[in-house]
Peer 1: 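What follows is a structure written as structure tokens; I'll ask about it next.
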Amino acid sequence: MKETYYQNVQLPSGQVHVYAGPELFASLDYKVFEMANNNLQIPNQVYMSYTPDVHVGIGTCIGTTAVWNASDGFVSPSIVGSDIGCGMRVQLTSLHKDDLKEVKLRRKLVRAIEKHLPVEEHARGHFSDIRLEHVVKKGLHGLPKKYIPDAYTPRKATSLTHVESSRFDFDEDVLDIFPEMVWHRAHRQLGTLGGGNHFVEIQAIEIAEENREIAEAWGLYDGQVVIMIHSGSRAWGGAVSQYCGTDIAKMMRQEGIGTADPKLLYAPLSHPLGQTYVNLMYSALNYAVVNRHLIAYAVREAGKDIFGPKFELRTLYDLMHNYAWEEQMDERSYFVHRKGATRALPAGHPDNPEAYRATGHPALIPGSMGTSSYIMVGSPEGKANHYSICHGAGRIRSRNATKQLVSVEEVAAAMRVGTEDEIVVNQRSMESLVDESPQAYKDVDQIIESVVGAGLARVVAKCRPLAAVKGK
DNA sequence: ATGTAC
């Protein structure tokens with residue numbers, strides 16, 4: 001039965017392992033296989049796979065897991081993509097969905113969040129007590145203590161212990177390449193949402209009966225309101241991508257290396273430019289996790305405005321879906337790229353943060369706007385795919401194509417506008433939401449079914465949207 | 001996704 005959710009596709013340059021049910025597999029654009037074939041031309045690759053939400057990107061597909069041995073590996077800035085460290089965070093509230101029954105109250109909360117959370121950048125002087133240099137060097141450990149207020153359990157664990165990685169260490173000399181302007185902009189963008197598919201969503205959860213025990217161990221209960229955050233490293237990651245990309249493209253020309261796709265950049269891990277990229281990428285991973293943490297801080301402030309000083313947010317988990325790093329498996333070191341792919345570790349895996357060692361950590365999977373999101377947990381069988389699962393619904397239409405196809409009325413209907421159940425969104429006109437409408441994405445429920453069917457992960461809770469704050 | 005140049 002399991003086999004129907006997995007296909008091993010043989011291409012001229014190698015094989016790509018595709019995790020997708022029959023219907024999703026049949027719907028894949030041939031271009032994703034063209035792209036796989038190009039990616040497989042990078043030397044020494046030991047494994048490449050697609051998750052069911054795979055779709056075409058620049059140089060590589062979103063939904064890719066690409067693995068090298070650490071000893072003779074390559075790093076590809078194109079596979080990581082330019083939103084380095086982009087990922088998800090879920091914060092638990094003490095609210096029940098009935099507390100947000102009134103449309104008016106959801107609207108009020110959305111407005112309060114907007115007040116504390118700029119899309120673009122903060123006012124000059126905001127976060128003047130935060131040193132950007134400390135943030136990019138030390139991640140969450142570089143923040144002043146007042147920004148880490150959330151106590152998680154009676155055991156006094158804070159969000160420093162409830163994230164995939166609270167700190168990446170790297171050779172800090174590489175930071176010298178950035179001009180003052182990059183530092184300045186990055187400081188003002190700290191704790192801001194950004195554009196595209198980035199969002200803060202207010203959701204109500206439904207526990208999956210078969211995994212209730214895990215849900216309870218994580219502090220989840222039916223009807224609980226949670227905050228789901230999707231953002232990345234903003235312009236800092238973009239600068240890393242741009243600066244390193246220029247140098248690596250030049251090196252590739254000089255050495256006469258490359259694949260059929262000139263946009264697919266890569267360097268040996270042993271090359272100085274490969275090393276520089278990995279170091280700078282780690283600075284962007286630090287930036288991204290702090291960015292999501294400060295977004296949660298802003299939501300906490302907004303919650304206090306509406307519900308009073310007792311309003312608290314506890315961190316369930318924070319993890320990335322665009323990155324590359326070293327992982328151990330069967331006593332071997334691999335260099336693993338995930339582009340639009342989420343690591344989902346099972347119970348007992350040593351790379352789980354200690355708080356989640358016994359259960360596996362929460363894997364956070366967003367749906368498209370107006371549809372459900374999921375909190376999942378990895379299964380031991382995920383090992384075959386280096387524990388990668390999907391990262392969301394996966395786009396099926398470009399922004400422009402969606403605008404041609406979908407009307408404002410259809411988007412309003414999908415958001416149940418005008419009813420008591422309206423999913424309140426922070427936009428003055430529905431028009432600006434069209435390119436993020438559910439019609440632009442695959443059906444997330446079908447994606448999840450493929451992941452579960454393939455045995456990679458299980459659903460712990462389904463999260464239904466109540467309100468959303470979208471970026472530009 | 002994002003900044004920048006067109």
Side-chain angles (χ1 to χ4, degrees), chain A residues 35 53-64 76-89 117-122 132 136 177-201 229-249 263-265 277 280-281 283-292 294-295 319-324 337-342 366 368-369 391-403 427 432-436 440-441 468-472:
Chain A
M35 225 160 223
D53 49 335
V54 65
H55 59 104
V56 170
I58 300 167
T60 203
C61 286
I62 293 98
T64 297
S76 168
S78 306
I79 298 181
V80 174
S82 60
D83 194 3
I84 301 166
C86 181
M88 307 302 304
R89 171 179 282 246
L117 177 63
V119 167
E120 199 55 43
E121 59 179 23
H122 277 287
L132 177 60
V136 296
I177 68 162
F178 289 132
E180 194 48 44
M181 185 57 203
V182 169
W183 289 89
H184 177 78
R185 184 165 49 213
H187 189 277
R188 291 191 60 172
Q189 287 188 334
L190 261 182
T192 66
L193 194 52
N197 57 3
H198 290 169
F199 65 79
V200 169
E201 203 163 86
I229 296 166
H230 181 196
S231 191
S233 55
R234 311 285 284 103
W236 182 267
V240 170
S241 206
Q242 191 197 320
Y243 279 69
C244 294
T246 308
D247 289 348
I248 289 175
K263 288 209 174 85
L264 181 55
L265 307 178
Y277 175 73
L280 284 171
M281 174 181 56
S283 78
L285 299 182
N286 283 335
Y287 186 106
V289 69
V290 170
N291 187 40
R292 284 187 294 275
L294 291 174
I295 289 171
L319 85 182
M320 318 169 282
H321 50 230
N322 294 347
Y323 62 107
H337 296 65
R338 293 196 178 84
K339 168 62 179 171
T342 307
S368 54
M369 185 179 66
H391 88 303
R395 189 169 273 280
I396 39 169
R397 255 170 217 105
S398 70
R399 292 182 189 281
N400 280 333
T402 309
K403 284 178 198 161
Q427 299 278 344
S432 59
L433 294 176
V434 171
D435 59 354
E436 279 294 317
Y441 287 89
V469 180
K470 299 283 297 178
K472 220 177 12 164

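Letters A, B, ... are given to chains in the order of the sequence lines, protein chains preceding strands, and every chain is numbered from 1. Please read all numbers here as calculations on a predicted model, not as lab measurements.
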Peer 1: Are A/His230 and A/His321 close enough that their ring centres sit under 6.0 Å apart?
Peer 2: yes
Peer 1: Whole angstroms only, please: what is the CZ-C1' distance between A/Arg185 and B/dT4?
Peer 2: 9 Å
Peer 1: Separation of A/Gln189 atom CD from B/dA1 atom C1', in whole Å?
Peer 2: 11 Å
Peer 1: I need the CZ-P distance between A/Arg399 and B/dA1, as an integer number of Å.
Peer 2: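 Value for this atom pair: 5 Å.
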Peer 1: Just to be sure I understand the rule, does A/Gly232 reach a base, reach only the sugar-phosphate, or reach nothing, if contact means heavy atoms closer than 4.0 Å?
Peer 2: nothing
Peer 1: Would you kindly give the CZ-to-C1' distance between A/Phe178 and B/dT2, to the nearest whole Å?
Peer 2: 14 Å
Peer 1: Around atom CD1 of A/Ile58, are there more than 12 heavy atoms from other residues, nucleotides or ligands closer than 6.0 Å?
Peer 2: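 At most 12 heavy atoms, drawn from other residues, nucleotides or ligands, come within 6.0 Å of this atom.
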Peer 1: For A/Arg234 and B/dA1, is the shortest distance between a side-chain N/O and OP1 or OP2 below 4.0 Å?
Peer 2: no
Peer 1: Send over the distance from A/Tyr323 OH to B/dA1 C1', rounded to a whole Å.
Peer 2: 19 Å
Peer 1: Just to be sure I understand the rule, does A/Ile62 reach a base, reach only the sugar-phosphate, or reach nothing, if contact means heavy atoms closer than 4.0 Å?
Peer 2: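 Contact class for A/Ile62: none.
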Peer 1: Please state whether the phosphate of B/dA1, meaning OP1 or OP2, lies under 4.0 angstrom from any side-chain nitrogen or oxygen of A/Arg395.
Peer 2: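 For B/dA1, neither OP1 nor OP2 has a side-chain N or O of A/Arg395 closer than 4.0 Å.
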Peer 1: In whole angstrom, give the distance that lies between atom CG of A/Asn197 and atom P of B/dT2.
Peer 2: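 Interatomic distance, CG of A/Asn197 to P of B/dT2: 9 Å.
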Peer 1: Take atom CH2 of A/Trp236 and atom P of B/dT2, then tell me their distance rounded to the nearest Å.
Peer 2: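 Result: 16 Å.
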Peer 1: What is the distance, to the nearest angstrom, from the CD1 atom on A/Ile79 to the C1' atom on B/dA1?
Peer 2: 18 Å
Peer 1: With side chain to side chain contact (heavy atoms under 4.5 Å, CB included) as the criterion, how do A/Ser76 and A/Thr60 come out once you've worked through the C-alpha distance, each side chain's angles and the decisive distance to 0.1 Å?
Peer 2: CA-CA 10 Å; A/Ser76 168; A/Thr60 203; over 6 Å; no
Peer 1: Does a side-chain N-to-carboxylate-O contact under 4.0 Å join A/Glu120 and A/Arg185?
Peer 2: no
